[in-house]
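Atoms within a ligand are numbered from 1 in the order they appear, just like the ligands themselves. Owing to the predicted nature of the structure, the values given are computational and were not obtained by experimental measurement. Numbering of residues begins at 1 and proceeds along the displayed sequence.
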Amino acid sequence: MACTTTVVGLRPNLKSINATTTGCSIKLSSSRSGRSQMVIKASGEHDVAKKSGKSIQQCEADVVAGNAPEAPPVPRKPAAPPGTPVIPSFSLKSRPRRNRRSPVLRAAFQETYLSPSHFVYPLFIHEGEEDTPIGAMPGCYRLGWRHGLLEEVAKARDVGVNSIVLFPKVPDALKTPTGDEAYNEDGLVPRAIRLLKDKYPDLVIYTDVALDPYSSDGHDGIVREDGVIMNDETVHQLCKQAVAQARAGADVISPSDMMDGRVGAIREALDDEGFQDVSIMSYTAKYASAFYGPFREALDSNPRFGDKKTYQMNPANYREALIETYADEDEGADILLVKPGLPYLDVIRLLRDRSSLPIAAYQVSGEYSMIKAGGVLKMIDEEKVMMESLMCLRRAGADIILTYFALQAGRCLCGEKR
Ligand code: PBG
């Protein structure tokens, strides 16, 4: 059953039910599965005073004559525990706690919401038929593209998560220094896209554009003899990769490579092939982060030598994110992404304030695995920390969040527990 919950706490519309039917009260309660159930109860739960049959004028006259009907007395002041110091109250004009004192008030003043529609679910796929667990990412699997992938997507759609991004584990024998498998139209990703679109035409498929899963060097670009990552030649390959993905039916092409000029070049390549309606989500501020460790294990895509610091950004830099933002906006990006997520909330806020484009945040593998590990070791409450971390990304300014928790959090928002 598809879940229609869009925001936390949203309840089914009761207007269609005659709630004023005398003698009945309607109550919503949550079943164990979390779905709201309507309970219609006979009166008696609340003591409703018997009607006397008096007119409005008679009722008003009674009150004017000083014979007000009875109502419950003012409740007594709750007692403080013995030993509580007796002190004069502070004379504070502002007491911010007033707006937090009950669940109803807190809900009324909540500024940020999480919904399954905000999530993009990253999925690892491989050529195998079985799903294989990823050691460094508890709960994540390399999914068989014809079986496990379809099942996982069905589960996500059931809780309102209808956007995914695909990451392929490519056989070593297909990896080359120039990553040409990246634009093989019958490669793993294009095949998986065609299968998914055939089964779920309204699924929104994001694809990763970068050479690392296809590169025998494990780098996002072509590596020159002296170790330099070649920018323009790499972009040439990325354009072919983007077009192959668009041709298979991808909705949003997401370059994560950090080469200069790739957004404009990919836009032009897509347009030249008639894919004007295919979007580009640029990894605008992608930092050279140690938080990607588990992901590289998942895809077996660790760089064979060196690191990615000549193309991914220095984690110490903030202003530099604006240089990338203005370039990507100018080159025609539709969505700007910040990665990693939680350690880079300031950068998310920076892009949110400086650009009108939608902002995406990527809660990366290391962030996911730390929360999972803390939960398994009973050091933190996994579910609460998961939801809080996602809410914080939204509060910082992210419109959408790429997260390995998409299904688990989607279930949570639908009131389903696993
Ligand atoms: C590679 C790519 C990476 C991630 C997404 N695309 C890894 C990297 O740059 O080395 C990381 C995602 C994660 O850690 O969850 N282009």
query = Looking at atom 12 (C) of ligand 1, what's its closest protein heavy atom, distance included?
reply = Phe295 CD1, 3.3 Å

inquiry  = Could you tell me, atom by atom, which parts of ligand 1 come under 4.0 Å of a heavy atom of Ala210?
reply    = 16 (N)

inquiry  = Using a 3.5 Å distance criterion without hydrogens, assess whether the side chain of Asp131 forms a donor-acceptor pair with backbone atoms of Gly144.
reply    = yes

query = Is it true that Gln363 lies under 4.0 Å from ligand 1, counting heavy atoms only?
reply = no

request  = Considering heavy atoms of the protein only, find what lies nearest to atom 6 (N) of ligand 1 and give residue, atom and distance to 0.1 Å.
outcome  = Lys339 NZ, 3.3 Å

request  = Please confirm whether Asp212 comes under 4.0 Å of ligand 1, counting heavy atoms of the residue only.
outcome  = yes

query = Below 4.0 angstrom, N of the basic side chain to O of the carboxylate: do Arg267 and Glu331 qualify?
reply = no

request  = For ligand 1, indicate whether the residue Ser365 contacts it via side chain, backbone, both or neither (heavy-atom separation under 4.0 Å).
outcome  = both

query = Got the closest protein heavy atom to atom 2 (C) of ligand 1, with its distance?
reply = Lys286 NZ, 3.3 Å

request  = Evaluate whether atom CD of Glu129 has more than 12 neighbouring non-hydrogen atoms of other residues, nucleotides or ligands under 6.0 angstrom away.
outcome  = no

query = Who's the nearest protein heavy-atom neighbour of atom 8 (C) of ligand 1, and how far?
reply = Lys308 NZ, 3.4 Å

query = Hey, which atoms in ligand 1 end up nearer than 4.0 Å to a heavy atom of Tyr362?
reply = 12 (C), 15 (O)

message = Among all protein heavy atoms in this structure, tell me which lies nearest to atom 16 (N) of ligand 1, with the distance rounded to 0.1 Å.
response = Ser256 OG, 2.7 Å

inquiry  = One thing to verify: whether Arg296 and Asp212 come together as a salt bridge, which I'm taking to mean a side-chain N less than 4.0 angstrom from a carboxylate O.
reply    = no

Ligand-side contact atoms (ligand 1) for residue partner Tyr404, heavy atom cut-off under 4.0 Å = 12 (C), 13 (C), 15 (O)

query = Looking just at side-chain N and O atoms, do Ser355 and Glu329 make a donor-acceptor pair shorter than 3.5 Å?
reply = yes

ask   = Going by an N to O cut-off under 4.0 Å, is there a salt bridge joining Arg194 and Asp198?
value = no

request  = Answer yes or no: is there a donor N or O on one side and an acceptor on the other, between the side chain of Thr234 and the main chain of Ile222, under 3.5 Å?
outcome  = yes

query = How does Asp208 reach ligand 1, by side chain, by backbone, by both or by neither, if only non-hydrogen atoms under 4.0 Å count?
reply = side chain

query = Any Lys/Arg nitrogen of Arg352 or Asp399 sitting under 4.0 Å from an Asp/Glu carboxylate oxygen of the other?
reply = yes

remark   = From the list Tyr121, Phe295, Phe124, Tyr141, ring-ring contact (aromatic ring centres under 6.0 Å, His included) partner of Tyr404 resolves to Phe124

ask   = Contact between Glu367 and ligand 1, counting heavy atoms under 4.0 Å?
value = no

